[in-house]
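The structure displayed is predicted, hence computed values, not measured ones. When a ligand or atom number is given, it counts from 1 through the structure's own listing order.
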Amino acid sequence: MTRPRILTGDTPTATGLHLGHYVGSLENRLRLQDEYDCYFLIANIHAFTTLADKPEQIRANTIGIVKDWLAVGLDPERSTFVLQSEIPAIAELTFLFAMLIPFNKVMRNPTLKTEIESKGLGDTYPFGFPMYAVGQCADILAFRPELVPVGEDQQAHIEMCRDVALKFNQLYCGVGNRVPPEEHAKAGGVFPIPAAKIGRVARLVGIDGSNKMSKSLNNAIFLYDTEKQVQKKINSIVTGRASTTSPIDPGNVLVQYIETFLARERAEEIKAAYASGKEVLDGHIKAELGAAINALLAPMRERRARLEAPPQPGAATSLPGGSPGGDDLVLDVIRRGIKKANAVAEETLIRAKEAMGLGFGPRTLGR
Ligand code: ATP
Ligand code: MG
């Protein structure tokens, strides 16, 4: 029996992933790796929307993020790692889908608007920046997935992706506009209508307390941070209490982290203590929180260190397939995903083009 598919991914705008990724999407990916046929995409072309002048950085970030995937426990033997720039069908689908989305709808997309503001892009961002939202529809639909595990910030993009798939199936596959989304594929649509799967924490706030934790906003605790760095970042959280007996604002970032990273009972105890008017020292709570986060990250750090260690001659490698160590090992994993990903994405493109009356001949690409 074929398993239903998942597609999700990350943009290499920084050297690695953070706790927001972990609770927003990685946890779900890990949990669903056996139940679903998973495709995890590195959106390296989309990184050029904000880093076009830094191609080397994007390349290094790509390797860093795949290392984090491996460190967290995503398994290239069970799931397919997809490098966006090596999947030509995605670029072609992006162009075709761009005809199905009103320009003004893209420009009103709340996720894009928030990003333009929080990343300070002003009005000088490239045409490709809003275009990435259309590209993301192609990233997803190229793999015809049922589920897309993402954080809440991606909800508007997934909505757009669903709209594109609905419109495509209605326009080109004869699917009636009364057919419910979940029955589109059965009714002859090329695309199933994918659903977002939001993580345990829909939107983890950054240590600055004002924005979502984000790679690009200098407010993240990275999965590869050292124990000291993690504790330092936690210590930098501002609770804004007037004294050690004052209550804490329930919306404060420290409270969200307590609820997210400490056991439920302990979190309730701490919140009750803060509300009681008795003395609570933020420093003690921060030390406990830092220790809990460090315990969560310890096995990831260990696996990452093993990945980064130079290969020992004759030693068994940490990954099946007899790969070398370090960056070479990561490149090897990336290359192994490309073939399988292209097989699926090419099939999607061929089906889509046929539905659009563009099926003029075999796709030989010069061969
Ligand atoms: P950038 O700042 O470059 O946009 P990012 O930190 O937002 O980077 P992305 O690569 O854009 O990371 O997002 C990857 C995935 O992680 C998406 O599914 C996104 O919804 C999820 N995610 C990112 N940040 C958070 C967060 N703070 N809380 C929950 N989920 C998050
Ligand atoms: Mg983002």
Side-chain angles (χ1 to χ4, degrees), residues 6-32 38-52 54 57-58 60-62 64-66 68-69 72 74 81-84 109-121 125 128-130 132-133 135-137 139-140 145 147-161 194-225 233 237 253 256-257 259-261 293:
I6 274 181
L7 177 290
T8 187
D10 304 298
T11 316
T13 41
T15 46
L17 299 173
H18 53 66
L19 287 174
H21 294 118
Y22 186 73
V23 294
S25 175
L26 291 168
E27 269 183 341
N28 272 335
R29 296 183 208 179
L30 284 168
R31 209 164 43 76
L32 300 171
C38 293
Y39 292 80
F40 302 133
L41 178 128
I42 296 268
N44 61 335
I45 296 290
H46 292 180
F48 281 80
T49 61
T50 52
L51 297 172
K54 300 188 177 74
Q57 195 180 318
I58 295 173
N61 293 347
T62 298
I65 286 182
V66 174
D68 273 354
W69 284 0
V72 159
L74 299 188
F81 291 8
V82 184
L83 187 64
Q84 189 184 44
N109 178 304
T111 302
L112 281 182
K113 283 167 92 173
T114 309
E115 272 187 273
I116 288 167
E117 204 179 302
S118 65
K119 294 178 182 172
L121 302 181
Y125 53 82
F129 183 77
Y132 103 74
Q136 195 170 308
C137 300
D139 295 336
I140 296 171
L147 267 195
V148 190
V150 284
E152 180 194 58
D153 62 304
Q154 291 294 314
Q155 200 125 29
H157 286 344
I158 307 299
E159 258 332 294
M160 198 151 107
C161 175
K197 180 158 184 65
I198 306 293
R200 172 165 71 95
V201 179
R203 176 180 170 276
L204 192 74
V205 182
I207 52 171
D208 57 1
S210 54
N211 284 295
K212 90 171 183 77
M213 186 176 283
S214 177
K215 290 192 237 93
S216 319
L217 297 181
N218 203 20
N219 66 359
I221 296 177
F222 287 96
L223 304 184
Y224 61 76
D225 278 345
K233 286 180 182 180
I237 290 172
V253 50
Q256 194 198 31
Y257 289 4
E259 289 170 340
T260 306
F261 299 108
I293 293 174

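- No side-chain donor-acceptor contact under 3.5 Å links Ser25 to the backbone of His21.
- How far CE of Met213 is from CG of Leu17: 12.0 Å, rounded to the nearest 0.5 Å.
- At a 4.0 Å heavy-atom cut-off, ligand 1 touches Arg203 through the backbone alone.
- In this structure, the separation between NE2 on His18 and CG on Asn219 is 7.5 Å, given to the nearest 0.5 Å.
- Against a heavy-atom cut-off of under 4.0 Å, Gln154 is close to the following atoms of ligand 1: 17 (C), 18 (O), 19 (C), 20 (O).
- Between His21 and ligand 1, a contact under 3.5 Å exists for at least one N or O pair.
- At least one N/O-N/O distance between Lys119 and ligand 1 falls below 3.5 Å.
- Considering each of Lys212, Glu115, His46, the one bringing a non-hydrogen atom nearest atom 7 (O) of ligand 1 is Lys212.
- In the vicinity of Ser216, heavy-atom distances shorter than 4.0 Å reach the ligand 1 atoms 1 (P), 2 (O), 3 (O).
- Looking at Met213 next to ligand 1, an N or O pair under 3.5 Å apart turns up.
- Using a 4.0 Å cutoff on heavy atoms, Ala202 counts as a contact of ligand 1.
- Not a single heavy atom of Ala14 sits less than 4.0 Å from an atom of ligand 1.
- The CD1 atom of Ile58 sits 11.5 Å away from the NE2 atom of His46 when rounded to the nearest 0.5 Å.
- If you look at Asp10 next to ligand 1, the close heavy atoms, those under 4.0 Å, come from the backbone and the side chain alike.
- Considering backbone and side-chain N/O atoms, Lys215 comes within less than 3.5 Å of an N/O atom of ligand 1.
- Phe222 and Tyr224 have parallel rings, their planes meeting at less than 30° on a 0 to 90° scale where 60° marks the start of perpendicular.
- In terms of N/O distances under 3.5 Å, ligand 1 is approached by Gly151.
- The nearest heavy-atom contact from the protein to atom 2 (O) of ligand 1 is Ser214 OG, 2.4 Å.
- The distance from the CG atom of Asn44 to the CG atom of Leu83 is 4.0 Å, given to the nearest 0.5 Å.
- Looking at atom 3 (O) of ligand 1, its nearest protein heavy atom turns out to be Thr13 OG1, 2.6 Å.
- For the atom pair Gln154 CD and Thr111 OG1, the distance stands at 6.0 Å (nearest 0.5 Å).
- Every residue two or more places apart in sequence or in another chain that forms a salt bridge (Lys or Arg N to Asp or Glu O under 4.0 Å) with Asp10 is listed here: Arg29.
- Although no hydrogens or angles enter the test, the distance criterion places no donor-acceptor pair under 3.5 Å between the side chain of Tyr132 and the main chain of Ile45.
- In this structure, of Asn211, Leu204, Ile42, Asp153, the residue bringing a heavy atom nearest to atom 27 (N) of ligand 1 is Leu204.
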